[in-house]
Number of protein chains: 2
Amino acid sequence: MKNGRCREKHWWHGKFRGCGYRVTVAREAILDVLARTDKHMSAEDIYMKLHPIYPNIGLTTVYRTLDVLSNLALIFKLEIGDGRARYELAESPKKPSHHHHLVCTGCKKVVDYSDFIDQEVKLLQETEKGLSEKYNFKITNHLIQFYGLCSECLPRT
Amino acid sequence: MKNGRCREKHWWHGKFRGCGYRVTVAREAILDVLARTDKHMSAEDIYMKLHPIYPNIGLTTVYRTLDVLSNLALIFKLEIGDGRARYELAESPKKPSHHHHLVCTGCKKVVDYSDFIDQEVKLLQETEKGLSEKYNFKITNHLIQFYGLCSECLPRT
DNA sequence: TATATTATTAGCAATGATTATCATTAACAA
DNA sequence: TTGTTAATGATAATCATTGCTAATAATATA
């Protein structure tokens, strides 16, 4: 059975090579960490998770690798307003492909949701079209996030 | 005729006092700068604008004041993803009361839009209600932003 | 109006996430 | 196996923002 731990070829190897990137231990390890969690981890979270197993992978490499993986669209960078970026795998069997985020401003936990996503996407498309024309923008991206307190943080306020 | 320059009492004086804040030159000057622009300015933008007139207002004070004004909900803090927060007056005759933002990733210009806002608000309310119940969150806020290139930045790519 | 109280401020140092530098190491094509 | 060159790790640098502290100014009170 396949898993992310062994060094056999994964589908993304082609994507790496096709873009002139090499397949390295650090890159596989970081992808692997993100593939094994449903959390939204910061660079340092990933570094800490990796360190016991790969003590020679530095924080700088984690940042650089996350940047590469972002550029390859293998992962998404997510800013939740606390000045520390989080990352999540772009495609995952665990999560719906198109989703938005619900962020707890207490513990910074992020929940993926895809409820109402069809209506959201529909409205987004209309809005995007309208805005493009009216303001003469080439729109490339959007961001929808809800902020609040989760059930664990709420009692603590 | 009233304007923001003279030191006569403004409606927000009550809000200041009611919350135990004092009305100071720096606070009025910063509110005034934000009231006179439709741009979305960073702390340093505001500092630079203020400096020729009030050379004794320091950058630290600008940050602190923006924080106070944010807490009083007189202004909104706006993060556009470049690590530098922008600020805008919460209520202004110049801009629609409820609006979202269209951000140019080239020059970081921010356009307020309120097109489609009614549908957006309606959907947001439904989504918020649904998410609150399903995930047991107390939702306090939301963020909708579109990103793209404005007509000036597009040709430069 | 003069004075006491205490919030506010300026200047500077410190923080903390992220990025640049550069000598060394490792992928991988041949 | 080896040469080329991308990738790495350690450290220093950056940059927006915040902490600190003595000095100042806004307001309450006499």
Side-chain angles (χ1 to χ4, degrees), chain A residues 7-10 12-31 40-48 50-72 74-75 77-87 108, chain B residues 7-10 12-31 40-48 50-72 74-75 77-87 108:
Chain A
R7 295 294 316 278
E8 73 188 24
K9 288 196 182 256
H10 289 283
W12 62 67
H13 287 200
K15 190 151 194 173
F16 272 60
R17 302 255 167 64
C19 298
Y21 289 110
R22 292 175 179 175
V23 176
T24 69
V25 174
R27 285 168 186 178
E28 295 214 287
I30 289 169
L31 268 175
H40 299 71
M41 302 173 82
S42 69
E44 190 158 6
D45 290 339
I46 295 170
Y47 172 75
M48 295 304 272
L50 241 37
H51 199 252
I53 313 160
Y54 302 98
N56 51 331
I57 294 180
L59 183 56
T60 310
T61 298
V62 174
Y63 274 107
R64 254 184 321 230
T65 302
L66 289 170
D67 199 42
V68 167
L69 297 177
S70 257
N71 289 337
L72 289 172
L74 289 170
I75 64 174
K77 185 176 184 176
L78 170 63
E79 324 233 16
I80 64 171
D82 68 344
R84 180 185 310 203
R86 317 294 155 111
Y87 300 84
K108 315 300 178 191
Chain B
R7 294 294 314 282
E8 73 188 25
K9 289 198 183 252
H10 289 284
W12 61 68
H13 288 199
K15 191 150 193 173
F16 273 58
R17 302 259 169 63
C19 298
Y21 289 109
R22 290 178 179 175
V23 176
T24 69
V25 174
R27 287 170 184 175
E28 294 215 287
I30 290 169
L31 268 175
H40 298 71
M41 302 173 82
S42 68
E44 190 156 7
D45 291 339
I46 295 169
Y47 172 74
M48 295 304 270
L50 240 37
H51 199 253
I53 313 161
Y54 303 97
N56 50 330
I57 294 180
L59 182 56
T60 310
T61 297
V62 174
Y63 275 107
R64 252 185 322 228
T65 302
L66 289 170
D67 199 42
V68 168
L69 297 177
S70 256
N71 290 337
L72 290 172
L74 289 170
I75 64 173
K77 184 175 183 175
L78 170 62
E79 323 232 16
I80 66 172
D82 69 343
R84 181 184 311 203
R86 317 294 155 112
Y87 299 84
K108 316 298 178 191

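Letters A, B, ... are given to chains in the order of the sequence lines, protein chains preceding strands, and every chain is numbered from 1.
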Classify the ring geometry of Tyr47(B) against His51(B): parallel below 30°, tilted from 30° to 60°, perpendicular beyond 60°. tilted
Does dT5(D) have OP1 or OP2 sitting under 4.0 Å from an N or O in the side chain of Arg22(A)? no
What's the CG-P distance between Leu69(B) and dT8(C), to the nearest Å? 11 Å
Quick check: does any side chain N or O of Thr65(B) sit under 3.5 Å from a backbone N or O of Thr61(B), one acting as donor and the other as acceptor? yes
Calculate the interatomic distance between Tyr21(A) atom OH and dT8(D) atom C1'; express it in whole Å. 15 Å
Would you tell me if any nitrogen or oxygen in the side chain of Thr24(B) comes within less than 4.0 Å of OP1 or OP2 on dT9(C)? yes
For atom OH of Tyr47(A) and atom P of dT8(D), their distance in whole Å: 15 Å
Give the rounded distance in Å between these two atoms: CZ of Arg27(A) and C1' of dT25(C). 14 Å
Within the 4.0 Å limit for protein heavy atoms, which parts of nucleotides 10-18 of chain D are touched? Write it as a string from 5' to 3', B for base, S for sugar-phosphate only, - for none. BB----SBB
Length of the CD1-P vector between Ile80(A) and dA17(C), whole Å: 13 Å
Roughly how many Å is it from CZ in Phe16(B) to P in dA7(C), rounded to a whole number? 16 Å
Atom CD of Glu28(A) and atom P of dA27(C) are separated, to the nearest Å, by 10 Å
Roughly how far, to the nearest 0.5 Å, is CZ of Arg27(A) from CZ of Arg64(A)? 9.0 Å
Quick one: does Lys15(B)'s side chain have a donor or acceptor within less than 3.5 Å of a partner on Leu72(B)'s backbone? yes
Given side chain to side chain donor-acceptor pair (under 3.5 Å), test Ser42(B) with Asp45(B) step by step and report yes or no. CA-CA 5 Å; Ser42(B) 68; Asp45(B) 291 339; 3.1 Å; yes
Judged by atom type as modelled, is there a donor-acceptor pair below 3.5 Å linking the side chain of Arg86(B) to the main-chain atoms of Arg84(B)? yes
Rounded to the Å, how far apart are Leu50(B) CG and dA10(C) P? 10 Å
